[in-house]
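Taking it in order: structure first as structure tokens, then the write-up.
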Protein chains: 2
Amino acid sequence: MVQQDSARLDRLFHALSDPTRRAMLRQLADEERKIGDLARPFAMSFAAASKHVRVLESAGLVSRRVEGRAHICRIEAAPLAEAEAWLSFYAHFWSRRLDTLEALLQAEPHLPPPATE
Amino acid sequence: MVQQDSARLDRLFHALSDPTRRAMLRQLADEERKIGDLARPFAMSFAAASKHVRVLESAGLVSRRVEGRAHICRIEAAPLAEAEAWLSFYAHFWSRRLDTLEALLQAEPHLPPPATE
DNA sequence: GCGTTATTAAACCGTATGGTTCAGCAGGAC
DNA sequence: GTCCTGCTGAACCATACGGTTTAATAACGC
């Protein structure tokens with residue numbers, strides 16, 4: 001179970017760790033695209049783009065439907081919720097610090113503002 | 001600028017894509033740890049664990065302070081906020097779908113429920 | 001049929017990754 | 001000083017990654 005989750009998170013974060021793949025997701029956020037359309041903006045071969053799509057697919061971030069000879073991709077953002085859930089575990093960690101900072105600032109309003117250089 | 005952000009996201013997501021490193025962060029969420037303490041739970045050499053810490057460090061997720069011969073690591077969760085900001089761009093994507101589904105269900109309550117096979 | 005289009009598959013290449021081992025070095029204990 | 005501890009660095013290895021090119025497959029236009 002946990003091991004499965006872990007492997008899914010591996011794939012998910014790995015898929016997101018590449019700028020090309022993030023850009024593809026960005027494209028897919030606008031509308032569904034054929035793989036060829038996804039590939040076009042990037043200075044890389046068709047085959048390379050196709051591989052990227054597969055990585056996104058194996059992470060569950062993209063689903064594909066075949067229409068004739070075209071493979072049409074759609075974003076499946078739900079897995080990102082899993083990533084967000086993971087991150088949220090640590091969220092208190094930075095927000096707590098900000099809270100502390102805020103509390104400090106409110107407690108000592110006489111402090112000079114930080115110099116901006 | 002954007003390029004810098006992109007490279008930072010690369011490092012960040014890549015750092016998170018390894019289960020060992022995520023487990024290390026989990027440990028550090030409890031309290032600061034020496035690298036040796038971080039390494040102990042894992043069936044790997046000290047050197048390997050040390051490398052993992054460096055990956056976390058280069059992603060900005062961990063900071064280190066040297067005390068005598070011990071290197072003490074602390075979690076720096078702030079970069080995760082950047083990841084969360086990135087994810088949040090796509091957040092409407094899954095929530096919107098749920099909204100749409102809900103709206104559909106409410107608008108047409110006469111529809112038969114989907115068959116469950 | 002024939003050619004073009006959209007895509008995958010396979011083989012390859014250079015580099016990065018995650019791991020090892022062994023040597024080295026600095027800090028504390030004695 | 002000597003010895004252990006905590007850590008890094010360097011060399012190495014197998015595998016994975018991101019890219020290429022070429023070949024193969026399948027669907028559409030004619």
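Just so you know, these numbers come straight off a predicted model, no measurement behind them. Proteins come first, then strands; the chains are lettered A, B, ... in the order of their sequence lines, and each starts at number 1.
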- Side-chain contact check for B:Met44: nearest option of D:dT20, C:dG19, D:dC17 is C:dG19
- Task: Give a yes-or-no answer on whether the side chains of B:Ser6 and A:Arg22 include a donor-acceptor pair shorter than 3.5 Å.
- Result: yes
- Please state how far atom CZ in B:Arg11 lies from atom C1' in C:dT17, giving the value in whole angstrom units. 16 Å
- Parallel, tilted or perpendicular: which fits the ring planes of B:Phe13 and A:Phe13, with parallel below 30° and perpendicular above 60°? parallel
- Counting only N and O atoms by type, is there a donor-acceptor contact under 3.5 Å from the side chain of B:Arg33 to the main-chain atoms of B:Arg74? no
- Query: Which one, D:dA11, C:dT21, D:dT21, comes nearest to the side chain of A:Ala47?
  - Reply: D:dT21
- Could I get the full list of side-chain hydrogen bond (donor to acceptor under 3.5 Å, both in side chains) partners for B:Arg8, not counting sequence neighbours? B:Asp5, B:Glu82
- Task: Return the residues of residues 17-25 of chain B meeting this criterion: a heavy atom under 4.0 Å from some atom of DNA chain D. Order them by number, or give none.
- Result: none
- Here the salt bridge (charged side-chain N to carboxylate O under 4.0 Å, His left out) pairs for residues 38-58 of chain B, sequence neighbours left out, are B:Asp37-B:Arg40, B:Glu57-B:Arg64
- Message: Tell me the interatomic distance from A:Lys51, atom NZ, to D:dT21, atom P, rounded to whole angstroms.
- Response: 12 Å
- Round to a whole Å and report the spacing from CZ of A:Arg54 to C1' of D:dG18. 14 Å
- Query: What is the distance from CG of A:Leu56 to P of D:dG18, rounded to the nearest Å?
  - Reply: 10 Å
- Message: Donor-acceptor pair, distance only, cut-off 3.5 Å: does the side chain of A:Arg21 make one with the backbone of A:Leu16?
- Response: no
- Task: Would you list the pairs meeting ring pair (Phe, Tyr, Trp, His ring centres under 6.0 Å) in which at least one residue belongs to residues 20-76 of chain A, sequence neighbours left out?
- Result: none
- Each nucleotide of nucleotides 2-7 of chain C classed B (base within 4.0 Å of a protein heavy atom), S (only sugar-phosphate) or -, in 5' to 3' order, makes --BBSB
- Message: Can you measure B:His14 atom NE2 to D:dC17 atom P for me and round it to whole angstrom units?
- Response: 10 Å
- Item | Phosphate OP1/OP2 of C:dT20 contacted by B:Ser45 side-chain N/O (<4.0 Å) | yes
- Reported CD1-to-CG distance for the pair B:Ile75 and B:Leu56, which is rounded to 0.5 angstrom: 9.0 Å
- Message: Using whole Å, what does the distance between atom P of nucleotide C:dG28 and atom CD of B:Glu67 come to?
- Response: 10 Å
- Query: A:Phe42 CZ to D:dG18 C1': how many Å, rounded?
  - Reply: 14 Å
- For atom NE2 of A:His52 and atom C1' of D:dG19, their distance in whole Å: 8 Å
- Residues forming a salt bridge (Lys or Arg N to Asp or Glu O under 4.0 Å) with B:Glu67, sequence neighbours excluded: B:Arg65
